[in-house]
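First the structure, in the form of C-alpha cells, and then the observations on it.
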Amino acid sequence: MLKIYNTLTRKKEVFKPRVEGKVGLYVCGMTVYDYCHIGHARVMVIFDTVARYFRYSGYDLTYVRNVTDIDDKIIQRANENGEDFLALTERFIDAMHEDERALSVLPPDIEPKATQSMDNIISMIEVLITKSLAYVGTNGDVFYSVSKFDGYGKLSGKKLEDLQAGERVDVDKAKKDPMDFVLWKMAKPDEPSWNSPWGQGRPGWHIECSAMSTCCLGNHFDIHGGGMDLQFPHHENEIAQSEGATGETFVNLWMHNGFVRIDEEKMSKSLGNFFTVREVLKKYRPEVIRFFVLSSQYRSPLNYSDEQLGDAGVALTRLYTALRGVEIPSVSCDIDYKLRFKEAMDDDFNTPIAFSVLFDLARELNSIKSDKEKAGQLAATLKELASTLGLLQEDPEVFLKGGEASDGLSEDDINQKIQNRVEAKNNKDWVKADEIRDQLKEKGIVLEDIAGGSTSWRREKA
RNA sequence: GGCUGCGUAGCAAAAUGGUUAUGCAGUGGCCUGCAAAGCCAUCUACACCAGUUCGAUUCUGGUCGCAGCCUCCA
C-alpha cells in the first residue's frame, strides 16, 4: 500500500489513483539558461526514482516534465551572450539531457516546452479573462486577480492578508492588487514575442505549467511535483489558474522535494553557491552522485560535501563488491527482501530504508557466497531491487576497475604487476610481493588475494 | 512579523510509545605469509524543560537553535 506525503494536507496519504492502475505525474522542470546544478539533479533523480517505482509497482504511468524555454532570465542571458534565445535554450536543453543520461535518469514520457504551448497558454488566459479572474493592466500586461480566487493559499498555508507583497521587491503599479501576478507580458522592442489578443508578448512563468500540465494530463490529474521553493508562489498560482479556468480540482497530491544545501544553506543560482552537475561529474562517478542523492529521504535537506560524496562511493563499492564474481541466474526475487524493500518504498519513497535492505542483502550474500545457487538468487534480488533506484546496473568488475584512471596504468600493466607478484609469492619472497602491492596501492589500485592463489584488483577511488 | 519544516551517536541518515536501523569511521576477534575484501562481536544517540503514561527519542505544551517560503529559484 503506497503512501505519499501530500503538501496539500501535510500528511502521508494512501495513494489512490484517479483511474485504477494509472498515474499522471507532472513535475516542474528546468529553466534552461544555464547548466543544471546538483539541486536540479536532485529533482531529476528523485522523480525518476518515483517514476521507476510506480512502474515497478505495476502502474501505467504518464510522466510529464516541462522545459521553461522562455522567460526574463533567458532573454537577459541571450542578450549578454549576443545570442539568439533559441540557440541558447537549445544548447542548455542538450546539456540537460546529457546530465540526465549520465545520472541514469530516464527521459519523461512527455517533455513539453513553453514556446511550443502558446495556443494552450493563450486560450487559458482568455478563459480566465472571460471569467473575470484576469484583467488587462494599465501597461497592457494581463494579470490574475488573486482575490477573486477563493482557495488562494491552500497549498502553501498562507493567508492573503499575511502576505507581505512589496516587502522585498517593488510593486508593479500596473496591477490592481499587489498580490496579482502576470499571465501575459507585453514585449519590449526586440524581445522574443508571440501574437496574442493582447498584443505581442510572452507568457508569465506560472501560466505555462497550468497550460502544459492540463494539456498533457487532463484538467484533473494525480500528482504534481517540484522543489520546495515552488510551493509558493508558483504552485499556488498554478492552482488558481487551472482551477479558475477549468472549474475542476487541479491536482490530488502535491509532492515537494527538499533542497540540496551547502554549509547548511540552500544551493541556488541566486546565491551563487552551486556546483553544476558537470563540475561534480569531473570529481565523482555518476552512479556515486545518484547514490548520494538517494541516501536521504526526498523531503529532507541534503547537505553537499566531499565527505558525503566520498562515503557514497565507499558504500556503493560495498554493494558492487558483494555482486562481484556471482553468476546471476534468471530467477525470481527473494520474497522477504522484496517485501522489506517495497515496504520502505511504499512509505513515501523512503530510500534510506530501502538502502538498508540492500545492505542487509549484501551482507547475507557475502556470507553465503560459496553456495552458488543461493548467492545467485540473492544477487539477482539485489540487482532487481536496486534497478528501481537506478543503481547497480553496471557490471561489478567494470565498476570496481573503473574509478579514476589517473594512475596512467593500463589493465595490462596492472595484470603484469600482479603476475610478477604471484611469482614472488610462490617463491615466498614476501618483501617483493609487498613492494609490488604497495606500489600499486600508491597509485590507487587495491589488490585483493582470493583464496586459491588468484588476485583481483580494483581502483580505490570510486 | 506571518507561514512551513527540522534538531538522532565521531560523520551521514531512518524508523519507533517498551525490543539490532543502515553506511562510513573506532575497538576486539575470525580469515590471510602480511594485507585488502569479507564475516562475527562491540563502543559512541535521540537539543533543553515540563506534562500525559506503568514506561517517551517517539505523544502534548513551552524554551533555545537551524533551515526554507512570504521576489526569481528545483
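In what follows, chains are A, B, ... by sequence order, proteins preceding strands, each numbered from 1.
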| task | Could you give me the CA-CA distance, side-chain angles and deciding distance for A:F54 and A:F15, then say whether ring pair (Phe, Tyr, Trp, His ring centres under 6.0 Å) is met? | result | CA-CA 11 Å; A:F54 268 122; A:F15 176 67; 5.3 Å; yes
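Between A:R458 and A:E448, at least one side-chain nitrogen of the basic residue sits less than 4.0 Å from a carboxylate oxygen of the acidic one, meeting the salt-bridge criterion. Between A:D346 and A:K3, no side-chain nitrogen of the basic residue sits less than 4.0 Å from a carboxylate oxygen of the acidic one, so the salt-bridge criterion is not met. Residues A:E435 and A:K432 are not paired through a salt bridge, judged by the lack of any N-O separation under 4.0 Å between the basic side chain and the carboxylate. A salt bridge links A:D449 with A:K425: the distance from a Lys NZ or Arg NE/NH1/NH2 to an Asp or Glu carboxylate oxygen falls below 4.0 Å. One finds a salt bridge joining A:R437 and A:D434 here, because a Lys/Arg side-chain nitrogen approaches an Asp/Glu carboxylate oxygen to under 4.0 Å. Ion pair A:E265/A:R261 not flagged as a salt bridge, since none of the NZ, NE, NH1 or NH2 atoms sits closer than 4.0 Å to an Asp/Glu carboxylate oxygen.
A residue-by-residue look at A:G227 and A:Y5 shows that A:Y5 has its nearest nucleotide of RNA chain B further toward the 5' end. A residue-by-residue look at A:K12 and A:D71 shows that A:K12 has its nearest nucleotide of RNA chain B further toward the 5' end.
Not counting sequence neighbours, the partners of A:F355 by the ring-ring contact (aromatic ring centres under 6.0 Å, His included) test are A:F291. Remark: A:D72 pairs with A:K185, A:R202 by the side-chain contact (heavy atoms from CB on, under 4.5 Å) rule, at least two apart or across chains. Residues meeting the ring-ring contact (aromatic ring centres under 6.0 Å, His included) test with A:Y144, sequence neighbours left out: A:F181.
Comparing the P positions of B:G61 and B:C69 gives an interatomic distance of 26 Å, to the nearest angstrom. Straight-line distance between the C1' atoms of B:C66 and B:U60: roughly 23 Å, to the nearest whole Å. Separation of the C1' atoms belonging to B:U44 and B:A25 is 11 Å when rounded to the nearest angstrom. The separation of B:U20 from B:U57, taken at their P atoms, amounts to 16 Å, rounded to a whole angstrom. B:A14 and B:C70 have their C1' atoms separated by 31 Å, with the value rounded to a whole Å. Separating the P atom of B:U71 from that of B:U19 is a span of 47 Å, rounded to the nearest Å. Between the C1' atoms of B:A36 and B:A47, the separation comes to 41 Å (whole Å). With both ends at atom P, the span from B:U32 to B:G23 equals 25 Å, rounded to whole Å.
Using a 4.0 Å heavy-atom distance criterion, A:G157 is classed as a sugar-phosphate-only contact. Among the heavy atoms of the strands lying under 4.0 Å from A:K73 is at least one base atom, whether or not backbone atoms are also near. Residue contacts shown for A:S456 are absent, as no nucleic acid heavy atom lies under 4.0 Å away. Within 4.0 Å of A:S305, counting heavy atoms only, lies no atom of the nucleic acid at all.
Only A:N257, A:G258, A:F259, A:V260, A:R261, A:E264, A:E265, A:K266, A:M267, A:S268, A:K269, A:S270, listed by number, bring a heavy atom of residues 256-275 of chain A to less than 4.0 angstrom from any atom of RNA chain B.
One atom, CD of A:E343, and another, P of B:A14, lie 17 Å apart when rounded to the nearest Å. What separates CZ of A:F355 from P of B:A14 is a distance of 11 Å, to the nearest Å. If you measure from atom CD of A:E307 to atom C1' of B:A12, you get 8 Å, rounded to the nearest angstrom. Taking atom CG on A:N66 and atom P on B:A74, their separation rounds to 11 Å, with Å as the unit. Summarising the geometry, the separation between CG on A:D306 and P on B:A12 is reported as 14 Å, rounded to the nearest angstrom. A:D434 has its CG atom 11 Å from the P atom of B:C34, to the nearest Å. At whole-Å resolution of the value, NZ in A:K428 and P in B:U32 are 13 Å apart. Put simply, CZ on A:R10 is 11 Å from P on B:C6, counting in whole angstrom units.
The listed nucleotides are B:G23, B:C69, B:A13; the one nearest the side chain of A:D311 is B:G23. For A:S296, the side-chain atoms get nearest to B:A13 when compared with the rest of B:A74, B:C72, B:A13. Distance from the side chain of A:L230 is smallest to B:A74 among B:C70, B:A74, B:C24.
Counting all heavy atoms, side chain and backbone alike, A:L382 lies closest to A:L319 at CD2-O, 4.2 Å. Looking at every heavy atom in both residues, A:E208 comes nearest to A:I70 through OE1-O, 4.3 Å. For the residue pair A:M255 and A:V50, the shortest heavy atom distance occurs at CE-CG2, 4.0 Å.
Stem regions for RNA chain B, each three or more consecutive Watson-Crick or G-U pairs with both distances under 3.5 Å and listed by first number, read B:1-7 with B:64-70, B:10-12 with B:22-24, B:26-30 with B:38-42, B:47-51 with B:59-63.
In the interface, the side chain of A:K158 is not paired with the base of B:C70 through any donor and acceptor atom under 3.5 Å apart.
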| query | What one-letter contact string describes nucleotides 35-45 of chain B from 5' to 3', where B marks a base within less than 4.0 Å of any protein heavy atom, S marks contact via sugar-phosphate atoms alone, and - marks no contact? | reply | BBSSSS-----
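Using a 30° and 60° split on the angle between ring planes, A:H234 and A:H206 fall in the tilted class, from 30° to 60°.
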